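Working notes, structure below.
Every chain is numbered from 1 and lettered A, B, ... according to where its sequence line falls, protein lines coming before strand lines. Just so we're clear, the structure is a prediction, and the values are computed from it rather than from any experiment.
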Amino acid sequence: MISKNNEQYSVQEMIQANKNKKSAFNLIEKGVPAFLLLCATVSVATTIGILFTLLSETIGFFQNISLTEFYLGTKWSPWTDHFGVAPLIAGTLLITVIAICVALPIGLAAAIFLSEYASERTRKIIKPILEILAGIPTVVYGFFALTFVSPMLSNIFTDMNIFNALSGGIVVGVMIIPMIASLSEDAMNAVPNSLREGALGLGATKFEVTRRVVMPAAFSGIIASIVLAISRAIGETMIVTIAAGATPNLTIDPTESIQTLTAFIVQGAKGDTSYHSTIYSSIYAVGMTLFVFTLLMNILSQYISRRFKEDY
Amino acid sequence: MNDKVNYSHIKGRVMKNAVVKWIFIMATSVALIFLALLIGRVLSQGVGYLSIDFLKNYPAPYIEEAGLFAGIMGSLAMISITAPVSMILGVCTALYLEEYARDNKFTRFIRVNVQNLAGVPSIVFGLLGLTFFVYLFEMGYTLIAGALTMSLLVLPIIVVAAQEAIRSVPSEIREASIGMGATKWQTIWRIVLPAAIPGILTGSILAFSRAIGETAPLIIVGAATAIYSIPDSLFSKYTVMPMQIYSWTARPQEEWQYVAAAGIIVLLIILLCMNAIAVWIRNKFQKRF
């Protein structure tokens with residue numbers, strides 16, 4: 001409180017006095033950003049940690065096993081010292097291809113239906129139901145693949161192994177349907193209605209509008225969602241561990257038992273592998289291969305959605 | 001030209017439109033049918049084995065005595081460590097990125113980094129946890145190692161959710177607060193955070209429900225499959241619900257499938273409740289500006 005009779009303060013002095021009084025405040029004001037920055041670096045540290053973990057063990061692994069044996073060898077049998085990663089990669093690719101064959105048509109059709117054909121009411125009901133599929137734990141999918149899809153398929157393919165790539169791949173495909181459906185639908189929803197109305201006004205049918213106008217305009221978003229879904233399928237672990245078997249197998253026959261990169265990591269970590277043995281470090285070499293695959297897919301997806309984005 | 005002639009021109013195109021519409025509808029229903037089959041199958045197999053004893057018993061060699069108690073308590077213990085750790089880290093990261101960070105290379109790097117972390121397969125986080133928490137920090141196959149691994153796994157999801165929630169607070173109310181003489185931190189603590197909390201909570205609960213259903217990284221960092229005690233300290237051995245379901249599913253005898261199905265029902269009910277709470281918070285407390 002300043003009354004006129006009191007000694008005159010200049011405004012600057014008052015501000016100064018105020019600042020001194022608030023030194024505790026100042027401490028908070030300066031300390032908080034530093035603390036927040038510290039927290040933000042945890043995510044960077046996680047990335048560095050992942051890279052360090054994978055690289056250090058992988059380098060150790062390649063001191064025992066040559067690069068050519070790992071990448072060109074065709075037999076994976078770590079307990080008898082065969083470290084050719086090709087069968088594991090083949091298994092992963094087989095699962096991924098089957099999964100995409102299931103998820104791409106269904107996911108895309110669902111996206112088109114929801115965004116172009118369905119009424120607002122239908123959309124509000126079906127979309128959350130599809131998202132339930134995304135929330136189901138993968139161990140549940142694995143259980144379903146092994147105890148329901150496999151026995152059902154073995155009615156068709158009578159000589160099929162109970163653990164097989166087909167049932168695993170189909171169920172992985174179902175798991176990634178909501179991802180393709182909801183991301184593609186977002187991309188199609190972002191296409192402005194004026195474009196649709198223009199085409200409809202010229203006499204196009206809804207399907208023609210979808211195919212010639214909406215799909216090309218949303219193309220980058222759709223492709224990005226598919227690439228992201230592929231990355232998810234490559235990294236999926238529990239479904240293939242439970243349902244696709246544990247037999248490294250260089251094959252394209254989906255009725256056989258196979259092993260994926262991820263399933264080997266589980267098998268290797270579960271077994272009695274001693275710390276720093278070759279088998280132990282082979283888990284990380286396989287993990288590194290997996291990490292590079294998925295990272296490339298994620299970067300590709302981000303690149304596509306940035307580079308080919310149409311702005312309206 | 002009359003209407004009939006006109007229609008014969010476009011008849012083929014209209015037919016095509018009607019046909020593909022039904023194809024789209026059928027494809028969408030395939031996904032829905034699959035979901036119905038999955039839930040129907042699990043219910044029909046598992047309901048018979050659900051009982052109070054199933055919730056109270058430890059794992060056992062006989063299906064009549066097997067129970068999910070250790071898993072339920074383990075999941076609970078894990079989430080009660082993971083939730084505060086990942087939320088504090090996640091919200092602070094988001095606050096830094098949205099409120100304080102200047103637009104420089106380092107900030108962009110953190111942003112891209114969070115995005116990419118969200119796409120790393122969960123099993124790779126397991127390898128990270130195995131090297132750092134289990135071996136390097138000598139925690140061993142303990143609850144704390146599993147919970148910290150899980151915290152890092154859900155961190156990017158929480159950061160993204162928190163960022164969105166903070167961004168949706170309009171800048172007018174920030175400016176009003178600053179204009180009234182509040183400092184930056186006072187504005188964030190008393191204005192921005194309270195307005196963003198519902199969104200942050202919704203996103204976080206969804207992230208935690210992912211953590212509860214996650215199995216792969218916990219296998220790597222050594223969650224037990226069968227254990228006869230509940231965790232009583234940070235360094236005790238533990239199991240979680242999905243681990244128990246996995247171990248029952250992996251048994252060759254068919255009758256264990258029914259036990260696994262019963263476990264799945266409990267897991268799904270818990271996840272459903274968490275999701276319902278998340279939706280409820282969003283609808284009840286979300287402010288519209």
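- Separation of atoms NZ (B/K21) and OH (A/Y117) is listed at 8.0 Å; rounding is to 0.5 Å.
- The two residues A/G49 and B/L128 make their nearest non-hydrogen contact at C-CD1, 3.3 Å.
- Of all the listed residues (A/L108, A/I299, A/T205), the one sharing the greatest number of non-hydrogen pairs under 4.5 Å with chain B is A/T205.
- Across A/I132, A/T53, A/V102, A/I242, the residue that shares the most heavy-atom pairs under 4.5 angstrom with chain B is A/T53.
- Of the two parts of B/L89, the backbone and the side chain both hold a non-hydrogen atom closer than 4.5 Å to a non-hydrogen atom of chain A.
- Looking at B/L37, both its backbone and its side chain come within 4.5 Å of chain A, counting heavy atoms on both sides.
- Side-chain contact check for A/V42 versus B/L152: some heavy-atom pair is nearer than 4.5 Å.
- Chain B forms more heavy-atom pairs under 4.5 Å with one residue of A/L133, A/V171, A/I162 than with any other, namely A/L133.
- Note on ring orientation: taking the six-membered ring where Trp is involved, the planes of A/Y280 and B/Y135 are perpendicular (angle over 60°, cut-offs 30° and 60°).
- Shortest non-hydrogen contact noted between A/P33 and B/Y96 is O-CD1, 4.1 Å.
- In this structure, the separation between CG on B/L35 and CD1 on A/I177 is 10.5 Å, given to the nearest 0.5 Å.
- B/L271 approaches A/P137 most closely through the heavy-atom pair CD1-CG, 3.4 Å.
- The residues A/E29 and B/K184 are annotated as not salt-bridged, no charged nitrogen and carboxylate oxygen being separated by less than 4.0 angstrom.
- Residue B/A118 does not touch chain A at all, counting heavy-atom pairs closer than 4.5 Å.
- Contacts between A/T210 and chain B at a heavy-atom distance below 4.5 Å are absent for every atom of the residue.
- Counting heavy atoms from C-beta on, the side chains of A/L36 and B/T93 never come closer than 4.5 Å.
- When heavy atoms are compared at a cutoff of 4.5 Å, A/V44 approaches chain B by way of both its backbone and its side chain.
- Considering only heavy-atom pairs separated by less than 4.5 Å from chain A, the leading option among B/G213, B/C92, B/A18 is B/C92.
- Taking CZ of A/R232 as the start and OG of B/S122 as the end, the distance is 8.5 Å to the nearest 0.5 Å.
- Heavy-atom pairs under 4.5 Å with chain B were tallied for A/I265, A/I129, A/L228, A/L130; the largest tally goes to A/I265.
- Counting heavy-atom pairs closer than 4.5 Å to chain A, the top residue among B/I88, B/L32, B/L136, B/V114 is B/L32.
- Interface summary for chain B: among A/I106, A/L54, A/V174, the most heavy-atom pairs under 4.5 angstrom belong to A/V174.
- Contacts between A/T41 and chain B at a heavy-atom distance below 4.5 Å involve the side chain alone, from C-beta outward.
- We find the OG1-CD1 distance between A/T260 and B/I123 to be 8.0 Å, quoted to the nearest 0.5 Å.
- Taking CZ of B/F24 as the start and CD1 of A/I112 as the end, the distance is 4.0 Å to the nearest 0.5 Å.
- Using a distance-only test at 3.5 Å, with no hydrogens or angles considered, no donor-acceptor pair links the side chain of B/R13 to the main chain of A/F207.
- Only the side chain of A/T294 comes within contact range of chain B, with at least one heavy atom under 4.5 Å from a heavy atom of that chain.
- Only the side chain of A/E208 has a heavy atom closer than 4.5 Å to any heavy atom of chain B.
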| query | Would A/V32 and B/W189 count as a side chain to side chain contact (heavy atoms under 4.5 Å, CB included) if you check the C-alpha gap in whole Å, the side-chain angles of each, and the deciding distance to 0.1 Å? | reply | CA-CA 11 Å; A/V32 161; B/W189 185 245; over 6 Å; no
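- In summary, the side chains of B/Q115 and A/N298 do not present any donor paired with an acceptor at a separation below 3.5 Å, with no hydrogens or angles considered.
- Residues of residues 243-254 of chain B lying within less than 4.5 angstrom of chain A, judged on heavy atoms, are B/I245, B/Y246, B/T249 in numerical order.
- Heavy atoms of other residues, nucleotides or ligands lying less than 6.0 angstrom from CE of A/M152 number more than 12.
- No side-chain heavy atom of B/F132 sits under 4.5 Å from any side-chain heavy atom of A/I50.
- With hydrogens and angles ignored, the 3.5 Å screen pairs a side-chain donor or acceptor of B/N113 with a backbone N or O of A/S43.
- A pairwise comparison of heavy atoms in A/G287 and B/V124 identifies O-CG2, 4.4 Å as the closest pair.
- For chain A, the option among B/V42, B/L155, B/N116, B/L95 with the highest count of heavy-atom pairs below 4.5 Å is B/N116.
- Contact annotation: the side chain of B/L38 approaches that of A/Y141 to within less than 4.5 Å [non-hydrogen atoms, C-beta and beyond].
- For chain B, the option among A/L290, A/T147, A/T262 with the highest count of heavy-atom pairs below 4.5 Å is A/T147.
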| request: Please report the C-alpha distance between B/L130 and A/Y284 in whole Å, then the side-chain angles of each, then the deciding distance to 0.1 Å, and finally whether the side chain to side chain contact (heavy atoms under 4.5 Å, CB included) criterion is met. | output: CA-CA 11 Å; B/L130 181 66; A/Y284 288 85; 3.4 Å; yes
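- In this structure, the portion of A/L146 lying under 4.5 Å from any heavy atom of chain B is its side chain and not its backbone.
- Chosen from B/L117, B/I110, B/V112, the residue pairing most often with chain A at heavy-atom distances under 4.5 Å is B/L117.
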| query | Stepwise, does the ring-ring contact (aromatic ring centres under 6.0 Å, His included) test hold for A/F144 with B/F34? | reply | CA-CA 10 Å; A/F144 189 66; B/F34 194 97; 5.1 Å; yes
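- When heavy atoms are compared at a cutoff of 4.5 Å, A/Q302 approaches chain B solely by way of its side chain, counted from C-beta outward.
- Rounding to the nearest 0.5 Å places CD1 of B/I219 at 4.0 Å from CE of A/M238.
- Proximity to chain B involves both the backbone and the side chain of A/F143, based on heavy atoms less than 4.5 angstrom apart.
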